[in-house]
Amino acid sequence: MDRAPIDKAYDPAQVEPPWVARWQESRAFAPVPSTNGLPPYVVLLPPPNVTGVLHMGHVLANTLQDVFVRYARMQGRETVWWPGTDHAGIATQKVVEKNLRQEGIDPAALGREAFVERCWEWKAKSHAHIVQQMQRLGWSLDWDREYFTLDERMSRAVVEVFIRLHAKGLIYKGAYITNWCPACRTAISDEEVEHVEQQGKIWTLRYPFADGSGFVRVATTRPETILGDVAVAIHPEDPRASELVGRMLRLPILGREIPVIADTYVDPAFGTGMVKITPAHDPNDFHVGKRHGLESPVVIDPAGVMNALAGPFAGLDRFKARARVVERLEADGLLEKVEAHTLAIGRHDRCETVIEPYLSQQWFVRMKPLAEPAVRAAEDGRVTFYPERWRNVYLHWTRNIQDWCISRQLWWGHRIPVYECVACQHAVAAHAAPPQCEKCGDARLQQDESVLDTWFSSWLCPFSPMGWPEETADLNRFHPTTLLVTGYEIIFFWVARMIMASLEFMGDVPFSQVLLNGIVRDAKGRKLSKSLGNSPDPLDLIANCGADAVRFSTVMLSPPGQDTYFDAKNVETGQHFANKIWNAARLVLTSASTHGFVAELGLEGDAPVTPPAAGAEGLAALWAESFGRPLPAGIETDLRLEDRWILHRYTEAVTTMRRNLDSLRANDAASDLYHFFWDEYCAWYLESIKPRLQSADRATARSAHAVAFVLLSSATKLLAPLMPFLAEELWSRIPGTAGLVITSRFPREIAALRDAASVDRFALMIEAASAIRTVRSERNVPPGKKAPALVQKDTRSGAGLSVEETELLKLHAKLESVEPTAVRPDNAISLLVRDLQIYLPLGGLVDLGAERDRLQRELDKAERDLAALDGKLAKPGFVDKAPAAVVDGERARRVDLADRCDRLRSEIADIAGKGP
RNA sequence: GGGCGAAUAGCUCAGUUGGACAGAGCGCUCGCCUCACACGCGAGAGGUCACAGGUUCGACCCCUGUUUCGCCCACCA
């Protein structure tokens with residue numbers, strides 16, 4: 001058959017892009033009901049934020065998913081990998097605001113409707129880019145099922161969930177202290193606050209008694225909140241308490257009178273043992289204030305600016321106000337001291353603005369009742385975590401869960417589906433605005449202005465895209481899903497909440513396995529971020545090295561659950577590997593077609609004949625598995641040592657690769673393939689058969705081509721989950737294959753290919769050839785020069801080298817000839833490789849004195865080892881207590897070692913006899 | 001203040017159940033454009049497995065403690 005000549009260097013830029021379209025056209029990523037009884041394999045893509053481009057963290061997590069998904073698909077399971085994108089409330093809103101300001105437009109002046117319109121425009125643009133990236137990376141997502149967390153379908157589910165939880169009393173509204181971001185001007189949840197330790201100050205202040213009889217001392221890290229103080233608290237068991245509690249103080253600056261109260265919240269040992277209470281601006285003080293029925297004056301406005309209640313400081317930014325308050329206190333003689341103090345400042349994780357604890361009306365979800373079933377699901381193993389330690393992190397959080405603040409003062413998001421009557425304030429949660437108030441009949445109803453936390457839509461992802469609350473076919477078939485792969489940083493935000501939501505609304509867990517991958521950091525260990533400029537655009541990397549290289553490298557270099565240090569240089573690993581595979585294929589394919597073996601092996605014609613013949617063993621079974629046609633007769637009897645060896649190594653590689661993929665260790669699976677293909681198939685096998693490929697002996701050439709060919713095809717299938725583009729390209733070029741490799745069957749272990757004896761003999765050839773190469777290199781024998789070698793029959797077993805072995809040794813060690821010998825020749829270097837005594841008569845290159853010294857050093861070492869081993873074997877504890885297999889192994893080793901010593905001694909004696 | 005993780009070659013990391021000699025990639029040194037591949041081939045140097053104890057016939061691996069780094073959680077003003 002005519003095929004385009006194969007380029008010498010693999011060029012992913014040429015090869016990869018067309019496959020994206022071809023896979024789409026053939027609908028290769030759509031689920032196909034399985035015929036083998038295996039359950040569906042469903043993975044939910046963690047929907048990337050629609051705010052920007054994908055970064056290396058996505059590349060890692062999502063490529064891992066793609067590997068498992070493709071592996072499942074290749075096992076004939078009905079497989080769906082469900083794509084979607086997230087509207088990312090705050091993040092998107094901020095980007096759009098920024099863009100508007102750059103255009104000179106004030107977002108606030110634009111108005112809600114127009115602003116949201118701009119968000120949708122941005123979303124459309126960004127979404128297109130992200131989808132392009134995902135497709136370019138070869139991710140096998142089922143695009144027909146794509147959703148967006150703000151689309152109609154999701155919205156129905158969100159509102160339904162809100163209504164149901166509200167009806168159950170699990171959603172409530174109230175005036176509480178929340179984490180407020182003055183820059184974003186919205187409440188956020190506890191999880192969105194990052195605590196960063198930093199050096200600050202602590203001020204000790206004097207609060208005079210109202211009657212002028214002295215003062216008490218309080219310590220604070222936030223002097224500006226003094227303006228909102230309503231009391232000073234002391235621990236009830238503090239000795240000073242009986243005297244102080246109930247007395248009135250005069251609040252500095254403002255002059256209001258405030259009481260001293262007793263509360264166990266105060267730690268008598270810290271600071272002055274007395275705490276100023278500012279209920280509206282401190283979460284603890286808020287609770288103290290509630291307990292004591294105190295007022296909660298708000299003195300800071302939503303933008304972080306002091307308001308009218310702050311008296312002389314009104315209009316000042318909170319930090320400026322702090323400095324001015326301190327100045328004023330000092331002037332009034334009320335500042336006792338200032339000390340350095342380390343404190344954990346809460347910052348908004350999106351913008352790093354210091355969080356202001358702030359009293360406002362917000363909506364909350366009561367989490368305890370939802371969390372309890374979620375705790376049990378992890379405890380009893382219905383959900384398992386990999387690596388396991390993340391289970392503890394999950395459990396700790398779910399067991400100590402706090403209510404979830406779900407309302408956000410933003411425009412971009414799901415509007416809270418609550419309608420309040422303007423006349424009587426009666427509020428209802430509903431899918432749409434009711435025509436009139438159900439209580440007073442007034443027609444003026446107003447929808448709550450806030451939107452819901454983005455996670456309030458994404459926690460439904462395991463079922464809302466499937467059509468819930470309707471009972472759709474997808475929902476029945478694909479929920480619960482199989483595996484979730486995501487970063488450990490969103491265990492609380494997302495993983496835990498999905499488990500809660502699925503248990504509450506579906507009555508089942510959302511997935512049974514959670515694989516947590518680490519964070520991708522740069523070479524210096526910093527998180528990748530746009531602001532640091534250390535986040536390479538995956539598309540740039542792909543342009544340079546190819547998507548497969550990026551995929552393979554990130555997977556191979558990322559152990560599960562551990563952070564990865566990413567360096568663009570790492571991508572070379574995959575790039576070089578791809579090139580290696582390409583060239584190995586070039587060798588095999590070119591040779592086969594040049595020498596006419598494509599036809600001779602029955603690989604012409606595109607249609608495979610039949611399913612593999614039942615009962616076929618070894619190579620025949622492998623052949624049938626790959627090509628769906630019978631192995632030509634006679635080949636199996638023509639197999640040589642290297643064939644039997646590589647077939648054994650191959651089936652071992654399949655076994656370990658499958659085991660690693662089954663246990664979600666994609667990095668190890670990638671490594672397995674890398675080493676099998678590079679170090680064994682290329683370095684030893686292909687090198688071994690090169691003479692046979694062009695041999696005039698048709699039979700030996702045919703068997704070499706057959707084995708090289710079938711392993712190339714099988715390795716291509718092993719490669720398919722990791723490097724789908726290259727695999728597909730090769731598959732299309734390998735005669736005898738049919739269809740797409742990505743929908744072919746992943747190879748299975750073939751026990752009949754195991755051949756321990758051949759493995760042992762071939763390993764000996766590797767050792768011998770390596771030893772000879774080392775000597776050649778040490779003695780500077782020119783690489784091209786062929787030298788003779790003499791091999792003494794093994795004195796113990798009496799075995800010499802077979803013809804096959806002799807050929808292999810000649811080839812790999814660049815030997816002119818390998819002849820048996822009984823005696824030590826003159827001027828030869830001797831090598832003792834296991835039982836083989838090899839002499840290299842290198843003539844003038846041999847310095848007998850040096851040779852004797854070298855052998856003596858080897859002997860010394862062998863004797864040392866022997867003595868150590870004897871010591872070990874002589875210990876009664878070892879022989880008695882160690883497993884028999886270990887003891888036997890050590891005894892066998894002792895025999896070998898003793899034999900080696902004998903041989904070395906006799907070599908040294910020989911040289912001494914012949915020496916100068 | 002609690003919890004978790006890491007510490008192995010110059011760098012980044014493997015080492016799954018304790019069983020001889022400690023593994024990879026990159027980097028480095030030497031030699032090679034050998035007719036698949038210089039994105040390559042062959043060879044080599046390089047490690048007190050953080051430290052100190054312990055358990056064991058035997059420890060990179062298990063236990064205890066210490067040190068250093070990182071992360072998470074937590075209402076000490």
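Chain letters run A, B, ... following the sequence lines, proteins first and then strands; every chain starts at 1. Remember, it's a predicted structure, so these values are computed and weren't measured experimentally.
Taking side-chain N and O atoms only, Arg665(A) has a distance below 4.0 Å to OP1 or OP2 of G15(B). Phosphate contact (OP1/OP2 of U34(B), side-chain N/O of Lys690(A), threshold under 4.0 Å): absent. Here Trp678(A) reaches the OP1 or OP2 of C41(B): one of its side-chain N or O atoms lies under 4.0 Å away. Taking only side-chain nitrogens and oxygens, Lys872(A) never comes nearer than 4.0 Å to OP1 or OP2 of G19(B). In this structure, Ser671(A) does not reach the A24(B) phosphate: none of its side-chain N or O atoms is under 4.0 Å from OP1 or OP2. For C75(B), the OP1/OP2 oxygens have no side-chain nitrogen or oxygen of His287(A) closer than 4.0 Å. Between His341(A) and A77(B) there is a side-chain N or O to OP1 or OP2 distance below 4.0 Å.
With A20(B), A38(B), A77(B) as the choices, the nucleotide that has an atom nearest any side-chain atom of Lys8(A) turns out to be A38(B). Proximity note for His396(A) (side chain, C-beta onward) versus A36(B), C73(B), A43(B): the nearest is C73(B). Of the listed nucleotides (G40(B), A77(B), G19(B)), G19(B) has the atom at the smallest distance from the side chain of Ala882(A). Taking the side chain of Gln575(A) as heavy atoms from C-beta on, and the options G15(B), A36(B), C39(B), the nearest nucleotide is C39(B). Nearest nucleotide to the Tyr265(A) side chain, out of G19(B), C72(B), C75(B): C75(B).
Nearest heavy-atom pair, Thr272(A) versus Val218(A), reported as atom, atom and distance to 0.1 Å: OG1-CA, 3.4 Å.
For A59(B) and C51(B), the P atoms lie 15 Å apart once the distance is rounded to whole Å. Rounded to whole Å, the separation between the C1' atoms of C61(B) and A14(B) comes to 14 Å. Distance check on atom C1': A7(B) versus C13(B) gives 12 Å, rounded to whole Å. C73(B) and U66(B) have their C1' atoms separated by 25 Å, with the value rounded to a whole Å. Spacing between U8(B) and A50(B) at atom C1', rounded to whole Å, works out to 10 Å. The P atoms of G65(B) and A22(B) are separated by 30 Å, rounded to the nearest whole Å.
Remark: the backbone N or O of Arg773(A) is not paired with any side-chain donor or acceptor of Ser777(A) at under 3.5 angstrom.
Residue His812(A) is classed as having no contact, given no heavy-atom separation below 4.0 Å to the nucleic acid. Nucleic acid contact for Arg893(A): base, since at least one base atom lies under 4.0 Å from a heavy atom of the residue. At the heavy-atom level, Arg222(A) lies nowhere under 4.0 Å from the strands shown. Here Val879(A) lies out of heavy-atom contact (under 4.0 Å) with every strand. Among the protein residues, Phe577(A) comes within range of no part of the nucleic acid, since none of its heavy atoms lies under 4.0 Å from any strand. Residue Val275(A) is in base contact, counting any heavy-atom pair closer than 4.0 Å across all strands shown. Contacts of Glu687(A) with the nucleic acid, taken as non-hydrogen atoms under 4.0 Å apart, include base atoms. His675(A) comes within 4.0 angstrom of sugar-phosphate atoms only, judged by non-hydrogen atoms across all strands, and of no base. No engagement by Tyr681(A) is indicated, since no non-hydrogen atom pair under 4.0 Å with the nucleic acid exists.
Taking only distance into account, the side chain of Lys580(A) never meets the base of C39(B) through a donor-acceptor pair shorter than 3.5 Å.
Checking C69(B) for Watson-Crick or G-U wobble geometry (two distances, each under 3.5 Å) identifies G5(B) as its partner. Base-pair partner of U17(B): not found among the strands shown (Watson-Crick or G-U wobble, both distances under 3.5 Å). With a cut-off of 3.5 Å on both pairing distances, the Watson-Crick or G-U wobble partner of C62(B) is G54(B). In this structure, C41(B) forms a base pair with G31(B), meeting either the Watson-Crick or the G-U wobble geometry with both donor-acceptor distances under 3.5 Å.
A donor atom on one side chain and an acceptor atom on the other are found under 3.5 Å apart for Tyr207(A) and Asp229(A).
Using a cut-off of 4.0 Å between Lys/Arg side-chain N and Asp/Glu carboxylate O, Lys861(A) and Glu858(A) are scored as not salt-bridged. For the pair Glu336(A) and Arg217(A), the salt-bridge criterion is met [side-chain N within less than 4.0 Å of a carboxylate O]. Remark: Arg854(A) does not engage Glu778(A) in a salt bridge, criterion side-chain N to carboxylate O under 4.0 Å. Ion pairing between Glu890(A) and Arg894(A) fails under the 4.0 Å rule for side-chain N and carboxylate O.
Mapping Arg773(A) and Cys682(A) onto RNA chain B by nearest heavy atom places Cys682(A) closer to the 5' end of the strand. A residue-by-residue look at Thr573(A) and Ala578(A) shows that Thr573(A) has its nearest nucleotide of RNA chain B further toward the 5' end.
Seen from the ring of Tyr10(A), Lys580(A) does not count as a face-on cation partner, given the 6.0 Å and 45° thresholds.
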